Number of protein chains: 2
Amino acid sequence: MSRRDEVIDAAQRILQDEGLEALTMRRLGEALSMRAPSLYKHVSGKDEIEAALQQRALQSLGVALGAAGVDLASLAAAYRGWALAHPRLYELAARRPLHRDQLAPGVEADAAAPLVAAVGADPDAARALWAAAHGLVDLELAGRFPPGADVDAAWATVVRAFSGLTGS
Amino acid sequence: MSRRDEVIDAAQRILQDEGLEALTMRRLGEALSMRAPSLYKHVSGKDEIEAALQQRALQSLGVALGAAGVDLASLAAAYRGWALAHPRLYELAARRPLHRDQLAPGVEADAAAPLVAAVGADPDAARALWAAAHGLVDLELAGRFPPGADVDAAWATVVRAFSGLTGS
DNA sequence: ACCTGAACACCGTTCAAGT
DNA sequence: ACCTGAACACCGTTCAAGT
C-alpha cells in the first residue's frame, strides 16, 4: 500500500470515528506519526483527501443501491440505510462541495444509476426521487425532524407518491 | 436601533454579499469600525449571530410560503423562489446546525405551517413534501445537478407525485 | 458603557533545511 | 525520498487595561 493510500485510510478512520471537524491536517499527521507539513509530500492538500473520501462514499453508496434491486421501497430503504450507517461519509459526499475535478469520471453517474433505473429511465423523475431521498436523509441526519417524528412514515409517503407516478 | 441589532444587520449584509465564509468576527468588526473583541460586548458570540440570522431566514421563508396560498404548485414555486433569491440565508438556515436553544419558540413550526396545510395536516406527508422541496433546493444550490438538467421538470414531477397522493 | 491590544489555542499551507 | 521546525495568514474567544 502506497503512503498516499495510508493517508487516505487514516483520514477515513478519523472522519468516521471522530467526525468531520476532527479531520485536520495536524490531527491526521499525528495519526500517522508525522507533522502536518509532511503530509504534503504524499497528497496535494486537504482537498485531495476530501475528494478521495467522496469518491469512496459514492462508490460504496452505488454498490448498496445496486444490491437493493429495482423495487422503489427497497431502494429507498437501501439509500436511507447506507446514509445512517455512514453518516460522516454521507455528510462529506452530500453536504459539502463535490471536488468534481478530482473525481474519477462516472463515479457520480454510477452511484445514481440504480435510482434512474427504478423510475424507468426518466431523468426528471430520477432527480426528483433523488432529491426526496436526499432531503429525507439530510433532515434526519441534521436532527431537523422533531423528536417524536415518524421518519419511517415520511419515507413510506415518498415511496407511495413516486409509485403512483410510474404505476398508473 | 440597539448596537446588537446593528451587529446582526451588518452580519446579514456580509452574509448575503460575500458569503458564509466571509462572515468572521474580524470581518464583522471591520464593517462596524471596531475590533473583533469589542463585538462580545453586544453579542455572546458567533453562535448568537448565526441564530439571529437563522431566525430571520425562517420567518422570511414562512411569510413567502404563507403568501403563496395552499396550492401545491405555487407553494413549491414559492419555496424554490425564496431559496434562490436568498441562497446564503437558505444555506445558513438549512445546511447548518440550527441553534434551536437561541431561536424564538414556534419559528420553525410557523415556517413549516403552510406546507402542513397544503397536504391536509398529515404530518408524515408534510415532512415528505418538505424533504422533497429541501432536497431539490439543496442539490440545486450545491450545483449537484448536471449543467443541462431540467430542474423545473424535476420540481413538476414532485408536485405531480404529491398531488396524486391527496387527489385520489 | 464601550473599545483596545495582546494573547491563547487553533486552522491550511509554504519553504528552507536536515537525513 | 522523506520528514522537520519555523513561519505566514488566518480562525473564535478571553481578559486586563484604557476612556
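Sequence lines set the chain letters: A, B, ... in the order given, protein chains first and strands last, and positions in each chain run from 1. For clarity, every value in this text was computed on a predicted model and none was experimentally measured. Computation of the quantities below employed the complete heavy-atom set of this structure, encompassing side-chain atoms and omitting hydrogens, waters and symmetry-equivalent molecules.
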In whole Å, what is the span from the CG atom of A:L39 to the P atom of C:dG12? 10 Å
Under the side-chain hydrogen bond (donor to acceptor under 3.5 Å, both in side chains) test, which residues partner B:E48, sequence neighbours left out? B:R4, B:S44
Derivation and outcome, side chain to side chain contact (heavy atoms under 4.5 Å, CB included), residues B:R160 and A:F162: CA-CA 9 Å; B:R160 201 147 36 83; A:F162 279 86; over 6 Å; no
Any donor-acceptor pair under 3.5 Å linking the side-chain atoms of A:H86 with those of A:Q16? no
B:L20 CG to D:dG12 P: how many Å, rounded? 11 Å
Both distances under 3.5 Å, Watson-Crick or G-U wobble: on that basis, could you give the dot-bracket string for DNA chain D, with [ ] for crossing pairs and | for other-strand partners? ||.|||||...|||||.||
Note: A:E30-A:R35 ion pair, threshold 4.0 Å (strictly below): no
To the nearest angstrom, how far is A:R4 atom CZ from D:dC2 atom P? 14 Å
Distance between the P atoms of D:dA7 and C:dA7, in whole angstroms? 16 Å
Residues joined to B:V107 in its hydrophobic cluster, side chain to side chain under 4.5 Å directly or through other members, sorted by chain and number, are B:L58, B:L98, B:L103
Output all residues satisfying side-chain hydrogen bond (donor to acceptor under 3.5 Å, both in side chains) with B:Q102, sequence neighbours left out; order by chain, then residue number. none
Has A:R35 got a side-chain N or O lying under 4.0 Å from the OP1 or OP2 atom of D:dG5? yes
Determine whether A:L39 and A:L32 satisfy the following criterion, side chain to side chain contact (heavy atoms under 4.5 Å, CB included), listing intermediate values before the conclusion. CA-CA 9 Å; A:L39 294 167; A:L32 291 160; 3.9 Å; yes
Whole Å only: how far is the CD atom of B:E30 from the P atom of C:dC3? 16 Å
Please check if the side chain of B:E18 supplies one atom and the backbone of B:L23 the other of a donor-acceptor pair under 3.5 Å. no
Among residues at least two apart in sequence or on other chains, which ones pass salt bridge (Lys or Arg N to Asp or Glu O under 4.0 Å) with B:R3? B:E6
For each nucleotide in nucleotides 13-19 of chain D, reading 5' to 3', give B when a protein heavy atom comes within less than 4.0 Å of its base, S when such contact involves only the sugar-phosphate, and - otherwise. BBB----
Would you mind reading off the distance between A:E21 atom CD and C:dA9 atom P, rounded to a whole angstrom? 20 Å
Just compare C:dT4, C:dC2, D:dC3 and give me whichever is closest to any side-chain atom of A:M34. D:dC3
How long is the line joining NE2 of B:H42 and C1' of C:dA1, in whole Å? 8 Å
